[in-house]
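I have placed the structure first, in the form of structure tokens, so that the comments after it can refer back to it.
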Amino acid sequence: MVSPAVPDKPSLEGLEARWGEVWEAEGTYRFDRTRPRAEVFSIDTPPPTVSGSLHVGHIFSYTHTDTVARYQRMRGKAVFYPMGWDDNGLPTERRVENFYGVRCDPSIPYADGYEPPEKPGKKRQDYEAISRRNFVELCERLTETDEQVFEDLFRLVGLSVDWRLTYTTVSERSQRTSQRAFLRNLARGEAYSSEAPSLWDTTFQTAVAQAELEDRERPAAYHDLAFHRSDGGGDVVISTTRPELLVSCVALVAHPDDERYQSLFGSSVTTPVFGVEVPVLAHKLAEPDKGTGAAMICTFGDLTDVIWWRELQLETRAVVGKDGRFAREAPEWLTTDDARHAYEQFAGKAAGGAQQVMVELLRASGELQGEPEKITHPVKFYEKGDKPLEIVTTRQWYIPNGGRSEELRAALLARGAELAWHPDYMRHRYDNWVGGLNGDWLISRQRFFGVPIPLWYRLDADGEPDYDAPLGPPESALPVDPQSHVPDGFTADQRDQPGGFMGDPDIMDTWATSSLTPQIACGWEEDADLFATTFPMDVRPQAHEIIRTWLFSTVVRSHYEHGTVPWANAALSGWILDPDRKKMSKSVGNVVVPTDLLEQHGSDAVRYWAASGRPGTDTAFDAGQMKIGRRLAIKVLNASKFALGIGEAAADASVTEPIDLAMLAELAGLVDDATNAFDDFDYARALQRTEDFFWRFCDDYLELVKSRAYGDDEAATSARVALRVALSTLLRLFAPILPYVTEEVWSWCHDGTDALPGFTTGSVHTAAWPDASELRVIAGDPAEAAGGPSPLLVAADVLSRIRKAKSDAKVSMRAEVASVTVSDTPDRLAALALAIGDVCDAGKVADVHTAEVADGAEAGVDVVLAEVTAAGG
RNA sequence: GGGCGCAUAGCUCAGUUGGCUAGAGCGCUGCCCUUACAAGGCAGAUGUCGGGGGUUCGAGUCCCUCUGCGCCCA
């Protein structure tokens with residue numbers, strides 16, 4: 001039999017490097033693709049954005065997933081745990097531009113062997129313009145470096161990822177998957193293009209989706225404007241925060257039940273300054289208690305305007321362009337010279353400047369009633385932008401998401417209900433979001449870097465595109481860039497020529513690709529066997545704030561493509577808050593660099609801190625927790641050293657002493673708790689229970705059995721076997737959280753070819769998760785199971801009283817005790833009797849008396865310390 | 001305005017279907033160099049379980065309500 005190889009001075013130093021190498025060399029975390037679906041646990045890892053550095057929040061949430069991955073692996077699952085890098089999107093685009101001094105211009109042809117300027121230009125306008133393909137190549141070049149840094153850090157944290165499975169979202173395969181999914185949506189009628197009012201960011205020059213909006217409180221002012229009844233019956237006053245849009249006013253509106261306007265509905269009024277005739281209409285979205293109860297409808301000031309415009313079938317009088325400025329030419333619906341002259345005074349201006357001019361014009365004409373009333377109100381912004389969004393009519397591609405179809409909305413809500421959410425209440429965010437959608441998913445973006453929309457359009461004799469019959473490539477040709485590739489049946493010189501074709505200039509929203517991470521990771525249409533054994537996946541771990549984007553869009557794509565949910569479980573992690581409970585973010589400057597933490601405290605300690613944060617709960621950054629984690633890891637080393645160093649016992653030796661049996665029975669209960677917790681993705685609970693048991697195991701059980709275990713009789717053997725079983729069990733329970741220290745101790749128990757009973761020759765991380773029923777077989781039917789008090793608990797209790805007496809007397813714990821008198825109930829005394837030898841040994845007690853007390857009477861432990869003879873001489 | 005969550009010791013938090021005197025860690029105080037562990041151990045003090053009402057033999061736990069904080073959405 002092997003002997004335990006315990007170092008004299010166990011230490012945590014260097015464990016990360018040592019075991020990291022071994023795990024890599026032995027392929028400990030490699031996915032076994034030969035296993036059937038039922039034996040696979042697949043994880044849809046969130047691909048972190050590769051455009052800066054990982055922060056402590058990544059360490060936090062990725063550790064959560066890793067603990068579950070490790071648990072499932074020990075449960076015998078083949079764990080499919082890939083890493084992805086999100087290098088597709090605006091952050092990467094910006095980083096590549098600034099790093100190399102280049103910018104993307106899709107109209108430029110691809111340059112073979114392109115090298116960026118040696119010295120990047122200082123200003124954006126000096127950046128070198130390059131083709132999209134060259135831009136993507138530079139992106140791949142830069143992100144490769146970043147990705148290696150990320151991988152090294154994640155390895156150091158101990159993520160049990162199979163690094164052979166890593167994918168990137170800008171890779172050819174991801175682009176192919178993204179375009180293939182889009183083309184299938186198109187073929188099934190699930191994607192459509194439409195010219196419609198869209199939310200438009202004038203800085204980024206792109207349309208944005210509902211999911212990318214955020215409200216920000218901005219100062220504004222109500223301006224009361226006098227419209228004039230066409231029948232000469234006086235003025236109608238409305239309040240608006242955007243008087244500059246008066247020129248695009250197409251109607252006035254009031255609530256259908258508003259008595260003040262009953263006689264006006266159906267009549268018409270003329271606008272101030274411009275004298276344009278517009279109807280007065282009724283619609284239930286008009287709010288009677290806002291301003292005068294009447295509002296002007298402009299095309300378009302806000303999303304409500306769009307609804308009114310659509311439902312009341314109004315004209316379109318758009319004047320604000322994609323650059324956010326008023327058109328230079330006066331619009332044709334201004335028919336009088338005065339009106340055109342007025343317009344010219346703010347033509348070409350942006351909203352703010354135009355408003356100033358417009359207010360002066362209104363004031364001069366006497367049609368501004370009173371002074372503007374200052375307010376603050378929520379204004380829609382693109383989440384990454386810093387100018388309010390405008391609404392501009394453009395042609396865009398959409399995928400229906402239930403925002404315009406109750407049937408589809410219900411189907412997608414049902415998909416959400418199919419998911420098991422961890423924690424469960426997170427499902428409300430999904431329901432809330434899907435229930436509140438009011439438009440389809442806008443997937444096209446007027447950016448340059450990203451997955452192109454893989455379509456071309458025929459140009460008619462006048463050079464006008466035919467949007468109704470787009471030309472798509474065969475799937476075998478994917479990925480394509482319609483700006484450089486040519487559709488079947490055309491030649492390159494027909495590009496942008498009448499009778500020829502044009503490529504769709506847009507790219508897809510980054511979520512349109514990210515929503516396919518299960519398909520990308522599992523090899524949809526690329527690796528049929530892999531896909532069959534990994535999809536639908538077991539779990540999507542992610543942050544709760546992107547339920548509305550990443551989670552929802554993934555459900556949408558899977559619903560369309562596979563008619564199923566993409567995963568069985570959604571595990572939501574919280575945020576990291578700084579010690580003042582503010583969300584950590586770069587802009588606040590309160591970010592902690594993870595490499596320093598890992599170096600300072602060690603990976604297991606940092607993981608311990610991470611695993612202490614309950615699923616879904618925002619957690620404060622707390623270096624104190626890491627110190628506790630480190631202390632725990634050291635304790636695991638020392639307790640293991642003791643348990644293993646105390647002596648061996650034969651494989652078939654049995655546990656006979658009641659106190660040992662009681663400890664193992666309690667341990668079986670712990671295994672049940674930890675197993676249930678991990679099955680529910682509650683790593684924090686599993687850790688807490690295990691840790692709690694472990695400290696009591698060290699403080700009480702180890703102290704109680706210490707002297708007995710050194711003997712050579714059956715009672716000693718009983719203790720040694722129990723210690724060995726408990727150690728093996730506890731190491732495996734801790735292994736998902738503390739992979740390094742548990743692997744270290746596990747390695748003491750085997751030499752690669754032979755292992756101590758209860759241990760294995762391989763990694764603890766591929767050992768079987770503890771089995772409570774096996775423990776119960778060993779523990780038999782101890783007193784506790786029969787309903788009586790546990791000998792261990794009663795003994796620990798009495799030992800604690802003895803310690804207290806010594807502590808009160810300010811003597812060493814080694815001090816002799818002359819006698820102990822325990823007064824307690826008969827059943828507790830009976831339990832104590834089963835462990836009294838251990839109690840006396842541990843407490844250095846010479847003599848014990850017991851006294852029975854009736855139920856409810858005062859129980860107690862009287863301790864008489866031995867007289868100190870010749871103390872100090 | 002709607003939804004969700006949180007409120008327990010100075011701090012961070014456990015407390016699963018209601019059940020003995022409400023717990024842990026940190027911090028604080030005291031003691032102990034104890035042959036696994038001084039980067040340690042042992043012990044101690046500390047509570048209107050946010051307020052009010054209800055159900056119950058019994059409520060931190062269930063119900064109602066109010067307050068405060070946070071998040072999601074409109």
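Quick note on labels: first sequence line is chain A, next is B, and so on, each numbered from 1.
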- [ ] Specify the separation, in whole Å, of atom NZ of A:K806 and atom C1' of B:G30.
- [x] 17 Å
Task: Whole-Å P distance, B:C63 and B:G5 - done: 11 Å
Open item on the list: Both A:N438 and A:Y425 contact RNA chain B. Taking the nearest nucleotide for each, which residue is further toward the 5' end?
Closed with: A:Y425
Task: Shortest side-chain distance from A:K9, nucleotide among B:C71, B:A38, B:A36 - done: B:A38
- [ ] For B:G19 versus B:U56, give the span between their C1' atoms, rounded off to a whole number of Å.
- [x] 12 Å
Open item on the list: How long is the straight-line distance from CD1 of A:I634 back to CG of A:L12, given to the nearest 0.5 Å?
Closed with: 5.0 Å
Open item on the list: Go nucleotide by nucleotide along RNA chain B from the 5' end; which of A:M813 and A:R630 gets its closest nucleotide reached first?
Closed with: A:M813
Task: Sugar-phosphate only, base, or nothing, as touched by A:R548 at under 4.0 Å among non-hydrogen atoms - done: sugar-phosphate
- [ ] Flag the pair A:E13 and A:R630 as a salt bridge only when some basic side-chain nitrogen lies within less than 4.0 angstrom of an acidic carboxylate oxygen.
- [x] yes
Open item on the list: It should be established whether A:K635 places a side-chain nitrogen or oxygen under 4.0 Å from OP1 or OP2 of nucleotide B:G41.
Closed with: yes
Open item on the list: Need one value for A:S800: base, sugar-phosphate or nothing, where a base atom within 4.0 Å counts as base even if backbone is also close, heavy atoms only.
Closed with: sugar-phosphate
TODO: Have a look at A:R689 and say if it touches a base, only the backbone sugar-phosphate, or nothing, with a 4.0 Å heavy-atom cut-off.
DONE: base
Open item on the list: How many whole angstroms separate atom CZ of A:R828 from atom P of B:C20?
Closed with: 15 Å
- [ ] Give the rounded distance in Å between these two atoms: CG of A:L799 and C1' of B:A43.
- [x] 12 Å
TODO: Specify the separation, in whole Å, of atom CG of A:L637 and atom P of B:G40.
DONE: 13 Å
Task: Spacing of A:I628 atom CD1 relative to B:A24 atom P, expressed in whole Å - done: 14 Å
Task: Between B:G3 (C1') and A:M426 (CE): distance, integer Å - done: 13 Å
Task: Phosphate-side-chain proximity, A:Y430 and B:G3, N/O vs OP1/OP2 below 4.0 Å - done: no
- [ ] Taking atom C1' in both B:A24 and B:A9, compute the distance separating them and give it to the nearest angstrom.
- [x] 11 Å
TODO: Just name whichever nucleotide pairs with B:C20, Watson-Crick or G-U, keeping both distances under 3.5 Å, else none.
DONE: none
Task: Rounded distance in Å between the C1' positions of B:A22 and B:A59 - done: 12 Å
Open item on the list: Applying a 4.0 Å non-hydrogen cut-off, can you work out what A:K706 is touching in the nucleic acid: base, sugar-phosphate, or nothing?
Closed with: base
TODO: Kindly say if A:R631 contacts the phosphate of B:G41, meaning a side-chain N or O under 4.0 Å from OP1 or OP2.
DONE: yes
Open item on the list: Please give the distance between the P atoms of B:A45 and B:G25 as a whole number of Å.
Closed with: 14 Å
TODO: Counting Watson-Crick and G-U wobble pairs only, both distances under 3.5 Å, name the nucleotide matched with B:U61, or none.
DONE: none
- [ ] Could you give the distance separating B:C62 and B:G15 at their P atoms, to the nearest angstrom?
- [x] 12 Å
- [ ] Counting Watson-Crick and G-U wobble pairs only, both distances under 3.5 Å, name the nucleotide matched with B:A39, or none.
- [x] none
Task: Per A:S812 side chain, nearest of listed nucleotides B:A38, B:U34, B:G2 - done: B:U34
Open item on the list: Side-chain N or O of A:R429 versus OP1/OP2 of B:C4: is the shortest distance under 4.0 Å?
Closed with: no
Open item on the list: Categorize A:D699 for me: base, sugar-phosphate, or nothing, with a 4.0 angstrom heavy-atom threshold over every strand shown.
Closed with: sugar-phosphate
Open item on the list: Taking only side-chain N and O atoms of A:R814, does any of them lie within less than 4.0 angstrom of OP1 or OP2 on B:U34?
Closed with: yes
Open item on the list: Using 30° and 60° as the class boundaries, would you call the ring planes of A:F734 and A:F694 parallel, tilted or perpendicular?
Closed with: perpendicular
Open item on the list: Categorize A:E287 for me: base, sugar-phosphate, or nothing, with a 4.0 angstrom heavy-atom threshold over every strand shown.
Closed with: nothing
Open item on the list: Under a 4.0 Å threshold between the charged nitrogen and the carboxylate oxygen, would A:R696 count as salt-bridged to A:D692?
Closed with: yes
Open item on the list: Could you tell me the Watson-Crick or G-U partner of B:C11, where both distances fall under 3.5 Å? Say none if there is no partner.
Closed with: B:G25
TODO: Go ahead and name the base partner of B:G68; Watson-Crick or wobble counts if both distances stay under 3.5 Å, otherwise write none.
DONE: B:C6
Open item on the list: For a quick check under 3.5 Å, do A:R218 and A:H377 share a side-chain donor-acceptor pair by atom type?
Closed with: no
Task: Between P of B:A36 and OH of A:Y701, the distance in whole Å - done: 15 Å
Open item on the list: Salt bridge or not between A:E212 and A:K384? Use side-chain N to carboxylate O under 4.0 Å.
Closed with: no
Task: Atom-pair distance (CD on A:Q688; P on B:C13), nearest Å - done: 13 Å
Task: Side-chain H-bond candidate by donor/acceptor type, A:E691 with A:Y608, under 3.5 Å - done: yes
Open item on the list: What's the gap between B:U21 and B:C6 when it is taken at their P atoms, as a whole Å value?
Closed with: 27 Å
Open item on the list: My understanding is that a pair needs two contacts under 3.5 Å, Watson-Crick or G-U wobble. By that rule, which nucleotide pairs with B:G1?
Closed with: B:C73
Task: Within 45° cone and under 6.0 Å: A:K706 NZ/CZ vs A:F642 ring - done: yes
